[in-house]
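What follows is a short report on a single structure.
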Amino acid sequence: VQLQASGGGLVQAGGSLRLSCAASGRTFSSYGMGWFRQAPGKEREFVAAISWIRNTAYADSVKGRFTISRDDAKKTAYLQMNSLKPEDTAVYYCAADLTGRSSGSSDRYDYWGQGTQVTVSS
């Protein structure tokens, strides 16, 4: 399984971005997909996840602002980020859980994308 994250960039506070994670593999519809982020000098943290049956989970810091979704026909997961804040600045990684769950633990994920930079200016 290969994951390709894209959609990052520079945006002003209050703005929006949509990240995409394109996956290879024939059974994407059975994967759980997650987004994590890592800011400079900080540990990687959970952002959002969606299970194969579309159960979702969010970190408290992004609830109400971020929305995770998936399009199984396109083998792509998305992270819509609205009302962005400077503290959202980080490299964002997508990951695949072959068991299909929407886990908040990075240890559950089997494959990782390369990351896409999101920078929010104040």
Side-chain angles (χ1 to χ4, degrees):
V1 176
Q2 292 185 321
L3 303 175
Q4 180 73 40
S6 62
L10 173 64
V11 64
Q12 288 188 331
S16 298
L17 282 174
R18 187 176 80 156
L19 305 184
S20 298
C21 178
S24 66
R26 295 183 178 181
T27 56
F28 175 82
S29 60
S30 68
Y31 303 163
M33 297 298 297
W35 287 95
F36 292 77
R37 66 187 181 187
Q38 188 166 20
K42 295 188 176 181
E43 303 224 339
R44 183 171 54 189
E45 64 175 2
F46 169 70
V47 176
I50 185 166
S51 73
W52 72 284
I53 54 172
R54 289 171 167 74
N55 292 326
T56 58
Y58 295 92
D60 288 343
S61 59
V62 307
K63 279 181 183 176
R65 300 188 298 123
F66 291 11
T67 302
I68 189 170
S69 61
R70 62 189 298 156
D71 184 332
D72 290 342
K74 295 182 177 179
K75 298 183 181 179
T76 301
Y78 303 97
L79 185 68
Q80 177 67 44
M81 306 186 295
N82 299 328
S83 301
L84 282 161
K85 304 175 181 180
E87 51 264 44
D88 295 317
T89 296
V91 177
Y92 283 70
Y93 299 91
C94 61
D97 174 357
L98 300 188
T99 67
R101 291 173 291 192
S102 54
S103 175
S105 172
S106 61
D107 293 343
R108 297 285 191 180
Y109 290 86
D110 303 288
Y111 294 95
W112 291 81
Q114 85 290 359
T116 185
Q117 176 71 48
V118 171
T119 303
V120 184
S121 63
S122 57

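In this chain, residues are counted from 1 in sequence order.
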Table please: side-chain donor-acceptor pairs of residues 12-31 below 3.5 Å, with sequence neighbours left out.
residue: Ser16; atom: OG; partner: Asn82; partner atom: OD1; Å: 2.9
residue: Ser24; atom: OG; partner: Gln2; partner atom: N; Å: 2.7
residue: Ser30; atom: OG; partner: Thr27; partner atom: O; Å: 2.7

Per-pair distances, 0.1 Å, donor-acceptor, side chain in residues 43-53, under 3.5 Å, sequence neighbours excluded:
residue: Glu45; atom: OE2; partner: Arg37; partner atom: NE; Å: 2.6
residue: Glu45; atom: OE2; partner: Arg37; partner atom: NH2; Å: 3.1
residue: Ser51; atom: OG; partner: Ile53; partner atom: N; Å: 3.3
residue: Ser51; atom: OG; partner: Arg54; partner atom: N; Å: 3.3
residue: Ser51; atom: OG; partner: Asn55; partner atom: N; Å: 2.9

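Listed by chain and number, the residues in a salt bridge (charged side-chain N to carboxylate O under 4.0 Å, His left out) with Asp107 amount to none (sequence neighbours excluded). Remark: Asp110 engages no residue in a side-chain hydrogen bond (donor to acceptor under 3.5 Å, both in side chains) (not counting sequence neighbours). Taking the ring pair (Phe, Tyr, Trp, His ring centres under 6.0 Å) definition, one finds that Tyr93 meets it with nothing, sequence neighbours left out.
Tracing side-chain contacts under 4.5 Å through hydrophobic residues (I, L, V, M, F, W, Y), one never reaches Tyr78 starting from Tyr92; they form parts of separate clusters. In terms of hydrophobic clustering, with Ile, Leu, Val, Met, Phe, Trp and Tyr side chains grouped at heavy-atom distances under 4.5 Å, Trp112 and Val91 are assigned to a common cluster. At a threshold of 4.5 Å between side-chain heavy atoms, the hydrophobic network of Ile, Leu, Val, Met, Phe, Trp and Tyr places Ile68 and Phe36 in two separate groups.
One distance of note links CE of Met33 with CZ of Arg70; it measures 7.0 Å at 0.5 Å rounding. With rounding to the nearest 0.5 Å, the separation of CD in Gln117 from OG1 in Thr89 is 7.5 Å. Taking OG of Ser103 as the reference point, atom CG of Asp97 lies at 6.5 Å (rounded to 0.5 Å).
The neighbour count for Arg65 CZ, taken as heavy atoms of other residues, nucleotides or ligands under 6.0 Å away, is above 12.
Nearest heavy atoms, Thr67 versus Tyr58: CA-OH, 3.4 Å. Annotation for Tyr109 and Gly32: closest pair CE2-O, 4.2 Å, computed over non-hydrogen atoms. In terms of heavy atoms, Ser83 sits closest to Asp88 at O-OD2, 4.4 Å. Shown here for Val118 and Gly8, the closest heavy-atom pair between the two residues is CG2-CA, 4.1 Å.
Screening residues 8-27 for ring-ring contact (aromatic ring centres under 6.0 Å, His included), with sequence neighbours left out, gives no hits.
The backbone N or O of Gly113 lies less than 3.5 Å from no partner atom in the side chain of Gln4, so there is not a single donor-acceptor pair. Looking at Thr76, its side chain does come within 3.5 Å of a backbone N or O of Lys74 through a donor-acceptor pair.
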